Amino acid sequence: MTILIDQPEFGVEAEEKISIDENELVLDGGFVVPEINAFGHTFRDYDVESERREGVEEFYRTNHINQTYDFVKRMRGEYGKLNRVEMSIWECCELLNNVVDESDPDLDEPQIEHLLQTAEAIRRDYPNEDWLHLTGLIHDLGKVLLLPSFGELPQWAVVGDTFPVGCAFNESIVHHKYFEENPDYNNPTYNTKYGVYSEGCGLNNVMMSWGHDDYMYLVALENKTTLPSAGLFIIRYHSFYALHRSGAYKHLMNDEDFENLKWLQIFNKYDLYSKSKVRIDVEKVKPYYLSLIEKYFPAKLRW
Ligand SMILES: O[C@H]1[C@H](O)[C@@H](O)[C@H](O)[C@@H](O)[C@H]1O
Ligand SMILES: [Fe+2]
Ligand SMILES: [Fe+2]
């Protein structure tokens, strides 16, 4: 296998420079992980003094206090009905032009930039995995929950890292101390290692804190996407850093979860480190993504 990729500058036509062996399924590519983010700090540093630190910490305080087992159950029931909006995947991408994520120390650009930066970076390194390009494009679409026609949920119920509810909050979760004010923290049904779950029960049976990940997972699933299970897994758990970065909660995983986790870890590199100030030319890449949307989704989806 040979992969030759020039510096992965976004917006440059790198595809033509790639030569690959078609038989090789998984290519680990030329993506160079940058050492610093757009603000001059290391990525995901929640303690360093920066223009975003205070807002991000306040975000996690509210998030950790309010994400309870009962809250998640209510939201899943409510949003699982998918009776709010009817639109295509691309229409949803365009809506994200108006969304900025307050939980993110590494990015203050409109979200559509992040979607395209992620998808295009993956496309360079994994040219044959078109499902993974599309997963990159859509993984954060659930952030439309912030908009009025989707109920205008507060940021703490939409963005940020996610974690299981119904069992103990792992110490590796960002700003863990704020869970002390979460009512579940002192509830013996929910505050043990297994809580309401059992060994190897499968993440599919675990309730995750409510936000853009679980919502988009429900949207994709209920609208009968033909994306592979790894794509759905990435969508539902991409913010679950306690799992894919810190290795916590593995006792709840089943065999399929372990298989899919490998793809999630590949995906995460692009999701996190492609965040930058370099813009993608939307009109230029649009036809390619429209063709993928047509392949894996119905023309209109229920949201
Ligand atoms: O702040 C970010 C952002 O909200 C992302 O969309 C999410 O996937 C990350 O986990 C989180 O750290
Ligand atoms: Fe996300
Ligand atoms: Fe993302």
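This one's a predicted model, so the numbers in the text were calculated from it and none came from an experiment. In each ligand, atom 1 is the first atom listed, and ligand 1 is the first ligand listed.
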Closest non-hydrogen atom pair, [X] against [Y]:
X      : Y      : result
Tyr217 : Leu232 : CD1-O, 3.7 Å
Pro110 : Asn97  : CB-O, 3.4 Å
Asp104 : Lys275 : OD2-NZ, 2.8 Å
Thr42  : Asp106 : O-OD1, 4.1 Å

Can you tell me if [X] has a non-hydrogen atom under 4.0 Å from ligand 1?
X      : result
Arg44  : yes
Tyr46  : yes
His212 : yes

I'd like to know if the side chain of Tyr194 pairs up with that of Glu199 as donor and acceptor (distance under 3.5 Å, no hydrogens or angles considered).
yes

Hydrogens and angles aside, do His64 and Asn182 bring a side-chain donor and acceptor to less than 3.5 Å of each other?
no

Specify whether an N/O/S atom of His139 falls short of 2.8 Å from the Fe ion (ligand 2).
no

Among all the protein's non-hydrogen atoms, which is closest to [atom], and how far away is it?
atom                   : answer
atom 1 (O) of ligand 1 : Ser103 OG, 2.6 Å
atom 3 (C) of ligand 1 : Asp101 OD2, 3.1 Å
atom 5 (C) of ligand 1 : Lys143 NZ, 3.7 Å
atom 9 (C) of ligand 1 : Asp161 OD1, 3.6 Å
atom 7 (C) of ligand 1 : Ser239 OG, 3.1 Å

Determine, stepwise, if the pair Asp70 / Thr68 fulfils side-chain hydrogen bond (donor to acceptor under 3.5 Å, both in side chains).
CA-CA 5 Å; Asp70 284 348; Thr68 62; 5.7 Å; no

Mind checking whether Thr162 contacts ligand 1 via backbone (N, CA, C, O), side chain (CB onward), both or neither, at a 4.0 Å heavy-atom cut-off?
neither

Quick one: look at His139 and ligand 1, take heavy-atom pairs under 4.0 Å, and tell me if it's side chain, backbone, both or neither.
neither

Regarding Arg44 and Asp161, does a basic nitrogen lie under 4.0 Å from an acidic carboxylate oxygen?
yes

Could you tell me which atoms of ligand 1, counted from 1 in the order shown, lie closer than 4.0 angstrom to a heavy atom of [X]?
X      : result
Asp140 : 6 (O)
Asp104 : 1 (O)
Tyr241 : 10 (O)
His238 : 8 (O)

For Tyr60 together with Tyr178, are the ring centres under 6.0 Å from each other?
no

Short N/O/S contact of His238 with the Fe ion (ligand 3) (below 2.8 Å):
no

Restricting Asp271 to its N/O/S atoms, the closest one to the Fe ion (ligand 3) is OD1

To make sure I understand the geometry: which N, O or S atom in Asp140 is closest to the Fe ion (ligand 3)?
OD2

Stepwise, does the side-chain hydrogen bond (donor to acceptor under 3.5 Å, both in side chains) test hold for Asp271 with His114?
CA-CA 8 Å; Asp271 182 17; His114 168 60; 2.9 Å; yes

Tyr79 ring centre to Arg84 NZ or CZ under 6.0 Å, with the angle to the axis within 45°?
yes

Mind checking whether Tyr215 and Trp303 have parallel, tilted or perpendicular rings, split at 30° and 60°?
tilted

Ignoring angles and geometry beyond distance, decide whether Gly160 reaches within less than 3.5 Å of ligand 1 through its nitrogen or oxygen atoms.
yes

